[in-house]
Enquirer: 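Once you've had a glance at the structure underneath, I'll fire off some questions.
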Protein chains: 2
Amino acid sequence: MSLRNAVMAALLDGGASGYDLAKTFDAAVANFWICTPQQLYRELDRMEADGLITARTVEQQRRPNKRLFTLTAKGAEELTAFTAQQHKPTAIRDELLVAVLAADHGDLEAVKASIRERRQWAEAKVERYERLRAKLLDGRTEDDFLATAERVGPYLTLLRGLSFERDNVRWCAKSLTVLERRGARLDAPT
Amino acid sequence: MSLRNAVMAALLDGGASGYDLAKTFDAAVANFWICTPQQLYRELDRMEADGLITARTVEQQRRPNKRLFTLTAKGAEELTAFTAQQHKPTAIRDELLVAVLAADHGDLEAVKASIRERRQWAEAKVERYERLRAKLLDGRTEDDFLATAERVGPYLTLLRGLSFERDNVRWCAKSLTVLERRGARLDAPT
DNA sequence: CTGACCTAGTCAACAAGTTGAGTATGTGAG
DNA sequence: CTCACATACTCAACTTGTTGACTAGGTCAG
């Protein structure tokens, strides 16, 4: 039920097609909600059926037609109702952590390789989020931005994604150090 | 498919009943994987059918019988194979963030209340994880522990959970400040 | 002029996660 | 003596999320 709220929140910035959302989700929402295009299209159809959004077919030259979705009054209302609800806390739910938990009885080298790969991925995400942040700030200081911007929500959620990935980088580095030292100890015990 | 790997990783410490797991998951695994008891029991049945674990019924005086599950050789093998796999990165997937994203067009007061509640929850988690950490360390320094412990996996995953919740606390505090200042500005614009 | 990649989707099948209720016994507080 | 709470589960229905394959036109490099 939350995907639809995430979609509605994304549509606050104006209309978008399913394809747009599938792409820009990666920039605007993906720091805290990921989904496949298939999920998105299915949800969009349902949301249209429920009257939360309306679709307008836009004919394009040199491109396939697309359906532009916009939030309806009912959609905006439901979104507001959602913001008024209580929200369950979530945990991380990461396969890599499961692998690390079992690393002592598993393939230590492979786990280390996975952590290295994850660190790189997280570093790339950090850079991406920082570029997005700079774009949002648009030369202003944070205080200035927060005082003048129409919406602060996207900035705050971006900050959360940013610090999450920074934390990932730090944790990956620390875990690698620990596991490498451990590998050394096991290879050459005194 | 990852729940079963998480369960197997949890069983590395020795056998446990479904009920035990449902409870101790909260301590050992819940920092990165949450599930309901129902999910757990269903998965345990399937895992037994697949020969990854074996169940031994333990009759107890003054308590209902319980089934004690232990990892089989096949289970340990599959777990090792899992650690050798690549693992997709995950995002946060948090309803509260969806609400914050939409906060500018939603019920600002309710969102602030939700953030406050979340901060308290996260603070409680931090304390809990710190107690767990102290218990794992058992008086030793971290270096000492890492050099002597049989398994470092549980410690590393605990650290991840800990820093995630610390980050949550920081983010909640910052967001509250921002939203409160904003509320003030909107109530009394110059 | 061909083959790879981009736009803009759709369909079907399945796996995983959530919700709500129900069973049965024992312990401890008031 | 009763009621809440803990142990130790089970069942069914439902909603979400994932995977893989498929359509169909346009662009651009070699």
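Below, chain A is the first sequence line, B the second, and so on; all start at residue 1.
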Enquirer: Indicate for each nucleotide in nucleotides 2-14 of chain D, in 5' to 3' sequence, whether protein heavy atoms under 4.0 Å reach the base (B), only the sugar-phosphate (S), or nothing (-).
Expert: ----SBBBBB---
Enquirer: A:Ile34 CD1 to C:dA16 P: how many Å, rounded?
Expert: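 In whole Å, C:dA16 P and A:Ile34 CD1 are 16 Å from each other.
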Enquirer: To the nearest angstrom, how far is B:Trp33 atom CH2 from C:dG17 atom C1'?
Expert: 11 Å
Enquirer: Run the salt-bridge test on B:Asp94 and A:Lys88 with the 4.0 Å N-O cut-off and return the result as yes or no.
Expert: no
Enquirer: Please determine whether a side-chain nitrogen of the Lys or Arg among B:Glu48 and B:Arg67 lies less than 4.0 Å from a carboxylate oxygen of the Asp or Glu.
Expert: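 Salt bridge present between B:Glu48 and B:Arg67.
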Enquirer: Would one find more than 12 heavy atoms of other residues, nucleotides or ligands at under 6.0 Å from atom CD of B:Gln60?
Expert: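 Enclosed: over 12 neighbouring heavy atoms sit under 6.0 Å from CD of B:Gln60.
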Enquirer: Under 3.5 Å, is there a donor-acceptor pair between the A:Tyr129 and A:Arg166 side chains?
Expert: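 Checked: A:Tyr129/A:Arg166 side chains show no N/O donor-acceptor pair below 3.5 Å.
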Enquirer: Taking only residues two or more places apart in sequence, or in another chain, which ones meet A:Glu117 in a side-chain contact (heavy atoms from CB on, under 4.5 Å)?
Expert: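 Checked A:Glu117 against side-chain contact (heavy atoms from CB on, under 4.5 Å); matches are B:Gln86.
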Enquirer: Could you tell me how far apart B:Gln39 (CD) and D:dT15 (P) are, to the nearest whole angstrom?
Expert: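 So the two atoms are 17 Å apart, to the nearest Å.
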Enquirer: Let me know the distance between CE of A:Met47 and C1' of D:dT16, rounded to the nearest Å.
Expert: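 My rounded result for the distance is 15 Å.
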Enquirer: Students often get this wrong, so: under 4.0 angstrom with heavy atoms, is B:Arg4 touching a base, only sugar-phosphate, or nothing?
Expert: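 Since no nucleic acid heavy atom lies under 4.0 Å of B:Arg4, the category is nothing.
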Enquirer: Taking CD from A:Glu59 and C1' from C:dT7, how many angstroms apart are they, rounded to a whole number?
Expert: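 Result: 16 Å.
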Enquirer: Any salt bridge between A:Glu123 and A:Arg118, counting N to O under 4.0 Å?
Expert: no
Enquirer: Write down the distance between CD (A:Glu48) and P (C:dG9), rounded to a whole number of angstrom.
Expert: 12 Å
Enquirer: Quick one: A:Leu40 CG to C:dC11 C1', roughly how many Å, whole number?
Expert: 16 Å
Enquirer: Can you confirm whether the side chains of B:Ser2 and B:Asn5 place a donor and an acceptor under 3.5 Å from each other?
Expert: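 There is no such pair (donor and acceptor under 3.5 Å, judged by atom type) between the side chains of B:Ser2 and B:Asn5.
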Enquirer: Using a 4.0 Å heavy-atom cut-off across all strands, classify B:Arg46 as base, sugar-phosphate, or nothing.
Expert: nothing
Enquirer: Using atom NZ of A:Lys88 as one end and atom P of C:dG17 as the other, report the distance to the nearest whole Å.
Expert: 14 Å
Enquirer: Closest-nucleotide mapping onto DNA chain C: is B:Ser2 or B:Thr36 further toward the 5' terminus? I mean the 5' end.
Expert: B:Ser2
